[in-house]
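Take a look at the structure set out below.
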Amino acid sequence: MSSLTGSPALAAVSRRSVLKGATALGTAALVTPWGTPLKAQPKHGGTLRVGMAHGSTTDAMDPGSWEADFMIFQAHTRNNYLTEIAADGSLVPELAESWEASPDARVWTFKIREGVDYHSGHRLVAEDVIASIDHHRGDDSTSAAKPIVADVVDMKADGMNVIVTLANGNADFPFVLSDYHLPILPAKDGMIDPETRDGCGPFRIVDLEFGVGARYERHDGYWKSGLPYIDAIEQFVIHDDAARQNALISGEVNYIDTVDLNTVSLLGRAAGIEILSVTGTQHYGLPMDTRAAPFDDVNVRLALKYAINRQQLVDTILNGYGSLGNDHPIGPGARFFNTDLPQKELDPDKAKFHLKQAGLDSLSVDIHLADAAFAGAIDAGVLFSESAASAGINLNVVREPNDGYWSNVWMQKPFVGTYWGGRPTEDWMFATAYAEGVPWNETYWSHDRFNELLISARSELDENLRREMYFEMQQIVSDEGGIIIPMFAAYVGAYSDTLVKPDQVASNWRNDGHRIGERWWFS
């Protein structure tokens, strides 16, 4: 393997950053694999150079550990999944040509695509699918995907079919299998190698250095005819906003995944630069460890929720590129979004009332933040401390380093910052981060009624009853949960006008669902 520093472009930018149920996809469908018409005939060739705001020396190859955009981008660049979320939010086939469920949605049969080759030459078989999912299951699993596959009680292969039996019905199960932690990897003796760099996606890894960058080259044996359009990708970790934007303006990269919203208007006026803004389920939050005093008191949590000026954060931190959050993770575009829940606003009197209910006249707490948590997190903490002061709350902002934030601060300190790309379904989002005992329950919160509803709603086929359940769950999280979610943020990136994007861009993750390498091309 060559060294990353052997690539002049990688080395130059890295130094700067330090200084600063469907049928099979046929041939016709592959012309527009993301389900939207193309604005122009795509061309092949070129190297896509991407500057990313995330990436850490503590990243790892094990798919169960992936947690931030550098590794999620890597996941979709190198791998394929059983199902894919298209740009319009619909679910389409990928390695599963089709699927069908039993009437109670407990038994699912997935027909696995034939003729798919990994970068190593290994041919995809049904046993790879079983081993890839099994990696995240079991008592010893530490995978972040463990809770979303916890209901799987049996899997078996029947030729190129995989039959999955669940403990409970789940109408959303095919959506679950598009989760970025669940790539299909080659198996040997019934197990995958979690450290493998093999995959069957559009690009193969040539070089990867955690916290620095990666290089990928086109997988010539890719099963999606004609894809990808681009020949190679160079991925750079550039934490500093100014360095990342300067790299784009100077042409050293031609796409950046995150734009500093304080300077987005200036960047948009630069010659040859286009701004990409996509509204989705991304939200920024301030989770509290509900096991630790004073956050173990729901009244303290409510006092803090009424002590934050949400509109100020949307206007100042997001520069208007977003909307108000209401302390639960379900976005307004979701099927079962609670339209009846009153919007929380800055209310010092209510905050003081809840402090008194907690037996307190005042409150002094630390919040540990870094801009790795979300762009502008430090500034958001300062604004929060100013509004909280009006309620008798002394909020001390502790600045933490970006590198290692997700391993040393998040879920380690009692009051921190976080960001979530969201999930396509209510059940998926709640099961990933709010169910009792799941690895990414970042507030360590448990609520009996919530957990009861989570199980009931998942298997409920009556949509009206399901809506009532999800409405109540959002209310419980908002009023009793351990996280403040003040804002939903648009994904705002920027790119050179030499790049061409499809007419519709996905909103399930930034970077066109992290599939720009497959879906975009050069003019």
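Values below: every heavy atom of this structure, side chains too, minus hydrogens, waters and symmetry copies.
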**Asked** Rounded to the nearest 0.5 Å, how far apart are NZ of Lys156 and CD1 of Ile163?
**Response** 5.0 Å
**Request:** Applying ring-ring contact (aromatic ring centres under 6.0 Å, His included), name anything that partners Phe73, two or more places apart in sequence or on another chain.
**Result:** none
**Considering all heavy atoms, the nearest Leu318-Ala489 contact** = CD2-CB, 3.7 Å
**Pair Arg515 + Glu84: basic N to acidic O under 4.0 Å** = yes
**Asked** Do NZ/NE/NH1/NH2 and the carboxylate oxygens of Arg113 and Glu94 come within less than 4.0 Å?
**Response** no
**Asked** Do NZ/NE/NH1/NH2 and the carboxylate oxygens of Arg218 and Asp220 come within less than 4.0 Å?
**Response** yes
**Item:** Trp520 and Tyr495 aromatic ring geometry - parallel, tilted or perpendicular at 30°/60° bounds
**Value:** perpendicular
**Message:** So does Val206 get a backbone contact from the side chain of Arg215, meaning a donor-acceptor N/O pair under 3.5 Å?
**Reply:** no
**Asked** In Å and rounded to the nearest 0.5 Å, what is the CH2 to CG distance from Trp509 to Asp257?
**Response** 13.0 Å
**Prompt:** Which class fits the ring pair Trp420 and Trp440: parallel under 30°, tilted 30 to 60°, perpendicular over 60°?
**Reply:** perpendicular
Report all side-chain donor-acceptor pairs from residues 428-435 shorter than 3.5 Å, counting only partners two or more places apart or in another chain.
| unit_1 | atom_1 | unit_2 | atom_2 | d |
| --- | --- | --- | --- | --- |
| Thr432 | OG1 | Trp428 | O | 2.7 |

**Fill in**
Between Gly331 and Phe337, the two heavy atoms sitting closest are O-CD1, 3.3 Å
**Asked** Could you go step by step and tell me if Tyr491 and Asp512 meet the side chain to side chain donor-acceptor pair (under 3.5 Å) rule?
**Response** CA-CA 9 Å; Tyr491 294 120; Asp512 200 356; over 6 Å; no
**Request:** With side chain to side chain donor-acceptor pair (under 3.5 Å) as the test, would you mind laying out the steps for His514 and Asp69 before giving the verdict?
**Result:** CA-CA 8 Å; His514 287 298; Asp69 283 327; 3.1 Å; yes
**Complete:** For His219, the side-chain hydrogen bond (donor to acceptor under 3.5 Å, both in side chains) test, sequence neighbours excluded, returns none
**Request:** Give a yes or no on whether the backbone of Phe203 and the side-chain of His119 come within a donor-acceptor separation of less than 3.5 Å.
**Result:** yes
**Complete:** Nearest heavy-atom contact between Ala334 and Glu426 is CB-OE2, 3.3 Å
**Electrostatic pair Glu518:Lys224 at N-O distance under 4.0 angstrom** = yes
**Request:** For His54, enumerate each residue passing the ring-ring contact (aromatic ring centres under 6.0 Å, His included) test, keeping only those at least two apart in sequence or located in another chain.
**Result:** Tyr419
**Message:** Please check this pair: side chain of Arg106 against backbone of Leu166, looking for a donor-acceptor N/O pair closer than 3.5 Å.
**Reply:** yes
**Message:** Between Tyr284 and Phe374, does the ring-ring contact (aromatic ring centres under 6.0 Å, His included) criterion hold? Intermediate values first, please.
**Reply:** CA-CA 7 Å; Tyr284 296 165; Phe374 58 84; 4.5 Å; yes
Quiz: residues 176-194 side-chain donor-acceptor pairs under 3.5 angstrom, not counting sequence neighbours:
| unit_1 | atom_1 | unit_2 | atom_2 | d |
| --- | --- | --- | --- | --- |
| Ser178 | OG | Phe175 | O | 2.7 |
| Asp179 | OD2 | His181 | N | 2.9 |
| Asp179 | OD2 | His181 | ND1 | 2.7 |
| His181 | NE2 | Trp66 | O | 2.7 |
| Asp193 | OD1 | Glu195 | N | 3.0 |

**Message:** Please report the interatomic distance CG(Asn79) to OH(Tyr118), rounded to the nearest 0.5 Å.
**Reply:** 9.0 Å
**Message:** Under a 3.5 Å distance rule, please check whether Asp241 uses its side chain to pair with a backbone N or O of Asp260 as donor and acceptor.
**Reply:** no
**Asked** Does Asp172 have any side-chain contact (heavy atoms from CB on, under 4.5 Å) partners at least two apart in sequence or in another chain, and if so, which?
**Response** Asn170, Arg335, Thr425, Asp427, Arg466
**Asked** Out of curiosity, Phe70 CZ to Ser56 OG, how far, rounded to the nearest 0.5 Å?
**Response** 10.0 Å
**Prompt:** Minimum heavy-atom separation for His135 to Ser141, with atom names?
**Reply:** O-OG, 4.0 Å
**Asked** Is there a donor-acceptor pair closer than 3.5 Å between any side-chain N or O of Arg49 and the backbone N or O of Gly251?
**Response** yes
**Request:** Look up atom CZ in Arg423 and atom CD1 in Ile148, then write down how far apart they are to the nearest 0.5 Å.
**Result:** 7.5 Å
**Asked** To the nearest 0.5 Å, what is the distance between NE2 (His283) and CD1 (Ile485)?
**Response** 4.5 Å
**Asked** Side chains of Asp231 and His44: do they bring a donor and an acceptor to under 3.5 Å?
**Response** no
**Asked** Does the Thr47 side chain pair with the main chain of Ile233, one donor and one acceptor, at a distance under 3.5 Å?
**Response** no
**Request:** Please report the closest heavy-atom contact between Val116 and Cys200, naming both atoms and the distance.
**Result:** CG1-CB, 4.0 Å
**Request:** Look at the side chain of Lys146 and the backbone N and O of Val438, then say whether any donor-acceptor pair between them is shorter than 3.5 Å.
**Result:** no
**Asked** If you measure only the distance, is there a donor-acceptor pair under 3.5 Å linking the side chains of Asp198 and Ser120?
**Response** yes
**Prompt:** Within the distance-only criterion (no hydrogens, no angle test), does the side chain of Ser132 pair as donor or acceptor with the backbone N or O of Asp128 below 3.5 angstrom?
**Reply:** yes
**Prompt:** What closest approach, in Å, do Asp88 and Gln504 show between heavy atoms, and which atom pair accounts for it?
**Reply:** CA-NE2, 3.5 Å
**Under 3.5 Å: donor-acceptor pair, side chain of Ser507, backbone of Val278** = no
**Request:** Mark yes or no for whether Asp59, through its side chain, and Gly55, through its backbone, hold a donor-acceptor pair below 3.5 Å.
**Result:** no
